[in-house]
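One structure is given here, and the rest of the page talks about it.
These values consider heavy atoms only, across backbone and side chains, with no hydrogens, waters or symmetry-generated copies. Letters A, B, ... are given to chains in the order of the sequence lines, protein chains preceding strands, and every chain is numbered from 1.
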Amino acid sequence: MIEKNGYIRDLFRQPLGAPVAALGWVKTRRDSKGVHFIQLNDGSCFQDLQVVVEAGAIPEATLLHATTGACLRVSGELIASPGAGQAVELKAREIHVYGPADPATYPLQKKGHSMEFLREIAHLRTRSNTFGAVFRVRNALSFAIHKFFQERGFIWVHAPIISGSDAEGAGRMFQVTTLDLMNVPRQGGQIDYTQDFFGKSTNLTVSGQLEAEIFALAFSNVYTFGPTFRAENSNTPRHLAEFWMIEPEMAFCDLDGNRKLAEAFLKDIIAHVLDHCRPDLEFFNKRIDPTVLETLEHVAASSFEHVTYTEAVRLLEKARDQGRAWEFPVFWGADLQSEHERYLTEEVFRKPVVVTDYPKEIKAFYMRLNEDERTVRAMDVLAPRIGEIIGGSQREERHDVLLSKIRAQGLREQDYWWYLELRKYGTAPHAGFGLGLERMMMYLTGMKNIRDVIPFPRTPGSAEF
RNA sequence: UCCUCAGUAGCUCAAUGGUAGAGCAUUCGGCUGUUAACCGAAGGGUUGUAGGUUCGAGUCCUACCUGAGGAGCCA
């Protein structure tokens, strides 16, 4: 393996003349009469190591296999580079080819590929500039998220992946079963789940929130960070069937505290990535979206806008009165559509906007009812270009109010027996929110399709790799 | 799931209903230091699939498949 300080990114900092060895994959190669240039990358940083092979230094038979895509170990000496693109380069004394790559069939070439094509070769796209940068940023982002919460004393909760709750109310779920689908046991016309693995019907989790609430009412501040699954037939650049979600949950916290934490959180993780992935972000800014760097720096430094749902509706009505044509009608009580969210965040405020206090009818049962009895303490953080990036709320901590809302929405209270008991024994005001990791990745990188910010995207009709 | 657009060489794309092309990639040759290197040549095609219209279909029609964009659902 590559030792602690032996990555290519470390080699750039070694003194000139040092004997070094580099391991990695050939990104591209240029030949001239007396000299060959091999760009080597091990994934540790955006910049490739330029390997210089002088005529006669390496056997022809070896060089023949050191083509684009091949895996090499190159040993030699670090020297100052006379060329323009790099300060140092590796003068090769010896090259070992771990694995050649037939140039006639290796699909990655020097010119740019479409994201659609790269998606079809997800086993190789990891070696491209774009996806190298994407997954280094994804790693830095994940680390920044843990760091933010750990520094504040939050406990990381491993919420279950297999969920026994059959009524979480967040879209269609993937069923988990060991029943023989060719011969499903039945009891009175219904499927007999008592014979299933868990003795009941189970699904992949759509949210760890309810479990996080259990932990918040014991560990005060907690967060989940793990995969989530939605079986919705969504075909958009913003949806996946399997995605990662971060859900902090705080006891002794109201909507204001929730909103402030969300803002501090977003700014902090953006600052961390700006700090640790500069060359990758510069690449995104140059090749993917020329506004990325400016936007991130602006967001990290400025305060978010905050409007209530009622104020947001007023702004949208005002726009309509001034001639703006909305595809979907705007009135108090209607849910905000994509076009409305984008107008607020992209045109009115031009930065993230937090919308709070939505009508109770359009939000989930567990959100705390306001004194006006018409709105609930919900919040959505809307970001330019990608829409809702965070959704959260102060939770209903009053047992009787929660029970009446469960009944009013036609939910079966026995499905929520433990959720209700939390309100019966030592309840406390609490709040939390959910952040879609991939949505955040899109915001950070400027990548336009969510399938290109996760290693192996799962979407309707597609689970290759 | 609905609406719209697209599918031609390994990749990105051309081609009035009338002989299927270019750039890059690949192979070969050339060039003393390149930076998506450069110069020259060559090979490379069941035009997504199945039908249909036509003397003739990459091009028009129908169905299906695949991909993308928009909408809904949501993170």
Would you indicate which nucleotide in B/G33, B/A71, B/A75 comes nearest to any side-chain atom of A/S32?
B/G33
Closest to the A/S338 side chain, choosing from B/U34, B/G70, B/G72
B/G72
Residue pair A/H113/A/S81 against RNA chain B: nearer the 5' end by closest nucleotide is A/H113
Select from A/F328 and A/S114 the residue whose nearest nucleotide in RNA chain B is closer to the 5' end of that strand.
A/S114
Can you list, by residue number, the residues of [range] that have a non-hydrogen atom closer than 4.0 angstrom to RNA chain B?
| range | value |
| --- | --- |
| residues 432-465 of chain A | A/G436, A/R439, A/N449, A/I450, A/R451 |
| residues 36-73 of chain A | A/F37, A/Q50, A/E54 |
| residues 85-110 of chain A | A/G85, A/Q86, A/E89, A/P103, A/A104, A/Q109, A/K110 |

Taking OP1 and OP2 of B/A37, is either one under 4.0 Å from a side-chain nitrogen or oxygen of A/R30?
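Checking B/A37 against A/R30, a side-chain N or O does come within under 4.0 Å of OP1 or OP2.
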OP1 or OP2 of B/A68 under 4.0 Å from side-chain N/O of A/R119
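A/R119 to B/A68 OP1/OP2: side-chain N or O found under 4.0 Å.
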Taking the basic N atoms (NZ, or NE/NH1/NH2) and the acidic carboxylate oxygens, is any pair closer than 4.0 Å for [X] and [Y]?
| X | Y | result |
| --- | --- | --- |
| A/E120 | A/R125 | no |
| A/K267 | A/E263 | yes |
| A/D380 | A/K363 | yes |
| A/R368 | A/D254 | no |
| A/R324 | A/E347 | yes |

Verify the distance criterion only: is there a donor paired with an acceptor across the side chains of A/Y343 and A/Q337 at less than 3.5 Å?
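The criterion, which ignores hydrogens and geometry beyond distance, is not satisfied for A/Q337 and A/Y343.
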Can you tell me if A/T308 and A/D357 form a side-chain donor-acceptor pair at under 3.5 Å?
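Looking only at side-chain atoms, A/D357 and A/T308 do not form any donor-acceptor pair under 3.5 Å.
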Not counting sequence neighbours, which residues clear salt bridge (Lys or Arg N to Asp or Glu O under 4.0 Å) with [X]? List them please.
| X | value |
| --- | --- |
| A/R259 | A/D256 |
| A/E311 | none |
| A/D268 | none |
| A/E317 | none |

Name all residues meeting the ring pair (Phe, Tyr, Trp, His ring centres under 6.0 Å) criterion together with A/F12; count only those two or more places apart in sequence or in a different chain, and write none if there are none.
none
So what is the 5' to 3' dot-bracket string for RNA chain B, if pairs are Watson-Crick or G-U wobble with both distances under 3.5 Å, crossing pairs use [ ] and | means the partner sits on another strand?
(((((((..((((....[..)))).(((((.......))))).....(((((..]....))))))))))))....
Indicate for each nucleotide in nucleotides 38-48 of chain B, in 5' to 3' sequence, whether protein heavy atoms under 4.0 Å reach the base (B), only the sugar-phosphate (S), or nothing (-).
-----------
In B/S/- notation (B base, S sugar-phosphate only, - none; protein heavy atoms under 4.0 Å), nucleotides 1-9 of chain B written 5' to 3' is B--------
What residues, two or more places apart in sequence or in another chain, satisfy side chain to side chain donor-acceptor pair (under 3.5 Å) together with A/T310?
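A/W332.
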Aromatic plane relationship, A/F365 with A/Y419 - under 30° parallel, 30 to 60° tilted, over 60° perpendicular:
perpendicular
Would you kindly give the CG-to-P distance between A/D335 and B/G72, to the nearest whole Å?
10 Å
Taking atom P of B/C73 as reference, at what distance in whole Å does atom CZ of A/R172 sit?
16 Å
Short question: side chain of A/D48, backbone of A/Q50 - any donor-acceptor pair under 3.5 Å?
no
Could you check whether A/F117 gets within reach of a base, just the sugar-phosphate, or nothing at all, counting any heavy atom under 4.0 Å?
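Touches sugar-phosphate only.
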